[in-house]
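Comments concern the structure below.
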Amino acid sequence: MAFMKPFRCVRPAVSKAGQIAALPYDVYNRAEARAEVEKNALSFLAIDRSDTAFPDTVGSYEPCVYEEARRLLEARVADGTYIEDEDEAFYLYELTMDGRSQTGIVACASVDEYVNGVIKKHENTREEKEKDRICHINALNAQTGPIFLTYRPVATVKELVEKTKEQKPLYDFVSEDGIGHRVFKVTDAEDARKLRESLEGISSIYIADGHHRAASAVKVGLKRREEQPGAGPGAEFNSFLSVLFPADELAIFPYNRVVKDLNGLSAKELLRELSKDFAVRETGQEPFSPQKKGQFGLYLEKRWYALTIREELVPADPVRGLDVSLLQDRVLGPILGILDPRTDKRIDFVGGIRGLKELERRADSDMKLAFSMYPTSMEELLSVADAGKLMPPKSTWFEPKLRSGLFIHRLA
């Protein structure tokens, strides 16, 4: 059973929502985040990446950085930039990109259901990234970055969502990147009750994006539970801010790879090694974007190649059969010597939203070769999570990204 609860939302004043809404904190490096804040002082990055207020001589994870985030949030609540709803409610968050819309339910998910596996994950997290968000949550006493969850579609939920979207939205704006954003509040008490009951009928929920934010929120909740044993199950720290989307509305983009060198091989030798497991076809100056599972594009010395793995080499295992696993197990590891893509500095990852020209640019500048990928499917993601397994790093890239700053969940 999936327990999703309404919450008292801290959210932007209507006139400020478009300025405040910001891409997730980890999309930017420090210099990029600072440039965004300098361009738009109201951007939520000023709170999400409060290291932008300090010179580079101050580390991003110093206590003063988190204290600045707390100070700034409270100042913006005090001056009316943010308002706090007096009632607990569900919200809807609709994003529209290139004519395709997806609508999620904004609610708080259960810490216990993350722990017991009702909320399923598909990738590992890194402790240092968790520590940053743990400090951020504790300093603000609030969760500010919603976790991107998904579920297999439920007809009754869809009906209630569509009914709510007939009313006037709280927010309706288009961000600089052309993404449309609309937010609705579920104001009808009976609809809210039905929505909660329908969600409780869902047996499994899946983390699509935001594994580190989820793990951090859960660790804060469990720690506070130890410190406040009398708080009871209704304490706000027992849940975490989420947006829950039906899987059939989501799109996964490819997560491409660029590599620093050929591991001592010449281009000719590399192509010869690849031909043992792949059918290799040169496409010349024409960029190759894979059209089906088992296909890969290779950009090497200003020429493109289409690689198609031999069918008999594709395992039935839901993880080992993923394209990202096939590339790792057949190319990156044995041929290019990249044994751990999580830590090897010779590999980098490029979101498919950046296009194939970005792969050419990287391979012609700071890298030597690039691989274009076919995107992991939603069903592959769900199957891996259902099997209790984990995907390799950088297996999925979701677009559009949820904006931070539109919904804040206070823990007390």
Side-chain angles (χ1 to χ4, degrees), residues 23 27 32 97-100 177-179 250-263 265-311 313-314 321-338 341 344-378 380-381 391-401:
L23 287 167
V27 169
E32 291 168 339
M97 175 180 174
D98 298 332
R100 177 184 63 82
D177 55 2
I179 307 299
L250 302 182
I252 301 177
F253 283 59
Y255 219 145
N256 300 317
R257 274 77 170 137
V258 288
V259 179
K260 192 83 173 177
D261 58 64
L262 275 61
N263 197 30
L265 300 173
S266 67
K268 187 175 181 179
E269 289 170 334
L270 174 61
L271 291 170
R272 186 167 61 242
E273 288 296 314
L274 289 172
S275 67
K276 295 177 181 178
D277 291 344
F278 298 83
V280 180
R281 175 173 60 87
E282 183 177 339
T283 64
Q285 302 299 310
E286 184 67 27
F288 181 73
S289 178
Q291 300 301 303
K292 62 179 182 179
K293 183 174 168 55
Q295 283 188 340
F296 307 82
L298 166 65
Y299 181 69
L300 173 65
E301 295 186 346
K302 297 188 180 296
R303 303 194 73 78
W304 279 92
Y305 301 85
L307 312 179
T308 304
I309 194 163
R310 305 187 192 287
E311 288 186 11
L313 299 179
V314 180
L322 294 170
D323 278 10
V324 288
S325 297
L326 296 173
L327 186 71
Q328 177 61 42
D329 295 343
R330 294 287 172 175
V331 181
L332 298 178
I335 299 176
L336 295 174
I338 298 171
D344 199 310
K345 303 300 184 185
R346 295 170 54 231
I347 188 170
D348 199 5
F349 305 89
V350 181
I353 193 69
R354 295 180 179 267
L356 299 184
K357 288 297 181 185
E358 176 66 7
L359 296 186
E360 293 181 351
R361 187 191 71 78
R362 291 293 303 275
D364 290 339
S365 56
D366 61 319
M367 296 295 194
K368 290 297 182 185
L369 69 160
F371 294 96
S372 59
M373 309 290 294
Y374 188 71
T376 302
S377 71
M378 278 302 306
E380 284 177 319
L381 184 155
M391 288 184 172
K394 312 296 185 183
S395 294
T396 57
W397 180 281
F398 283 91
E399 288 287 348
K401 301 287 186 188

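Nothing here was measured: the structure is a model prediction, and the numbers come from that model. Position 1 is the first residue of the sequence; numbering continues from there.
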Nearest 0.5 Å please: distance from the [atom1] atom of [X] over to the [atom2] atom of [Y].
X: K268; Y: L300; atom1: NZ; atom2: CG; answer: 13.5 Å
X: L274; Y: E269; atom1: CG; atom2: CD; answer: 12.0 Å
X: Y305; Y: T283; atom1: OH; atom2: OG1; answer: 9.0 Å
X: Q328; Y: K394; atom1: CD; atom2: NZ; answer: 14.0 Å
X: M367; Y: R257; atom1: CE; atom2: CZ; answer: 12.5 Å
X: S377; Y: K293; atom1: OG; atom2: NZ; answer: 7.5 Å

With a 4.5 Å limit on heavy-atom distance, are the side chains of [X] and [Y] in contact?
X: V331; Y: D277; value: no
X: Q295; Y: Y374; value: no
X: L359; Y: S372; value: yes
X: R100; Y: P400; value: yes
X: D364; Y: Y299; value: yes

field: R354 CZ: over 12 foreign heavy atoms closer than 6.0 Å
entry: no

task: Kindly check if the number of other-residue, nucleotide or ligand heavy atoms within 6.0 Å of CG (D98) is above 12?
output: no

- prompt: Any ring-ring contact (aromatic ring centres under 6.0 Å, His included) pairs touching residues 272-292, not counting sequence neighbours?
  reply: F278-F296

query: What class does the angle between the rings of Y255 and W397 fall in, given that below 30° is parallel, 30 to 60° is tilted and above 60° is perpendicular?
result: perpendicular

- request: Test K401 against I179 for side-chain contact (heavy atoms from CB on, under 4.5 Å), laying out the working first.
  value: CA-CA 9 Å; K401 301 287 186 188; I179 307 299; over 6 Å; no

- prompt: Yes or no on side-chain contact (heavy atoms from CB on, under 4.5 Å) for E282 and R303, after CA distance, side-chain angles and deciding distance?
  reply: CA-CA 8 Å; E282 183 177 339; R303 303 194 73 78; 2.3 Å; yes

- prompt: Only one of L270, D261, L327 forms a side chain to side chain contact (heavy atoms under 4.5 Å, CB included) with L336, so which one is it?
  reply: L270

- request: Take M391 and L322 through the side-chain contact (heavy atoms from CB on, under 4.5 Å) test and state the conclusion after the steps.
  value: CA-CA 8 Å; M391 288 184 172; L322 294 170; 3.8 Å; yes

field: Minimal non-hydrogen separation, G352 against N256, with atom names
entry: CA-ND2, 3.9 Å

field: Backbone of I309 reached by a side-chain donor or acceptor of E311 within 3.5 Å
entry: no

task: Assess whether side-chain contact (heavy atoms from CB on, under 4.5 Å) is satisfied between R272 and L265, documenting all intermediate values.
output: CA-CA 10 Å; R272 186 167 61 242; L265 300 173; over 6 Å; no

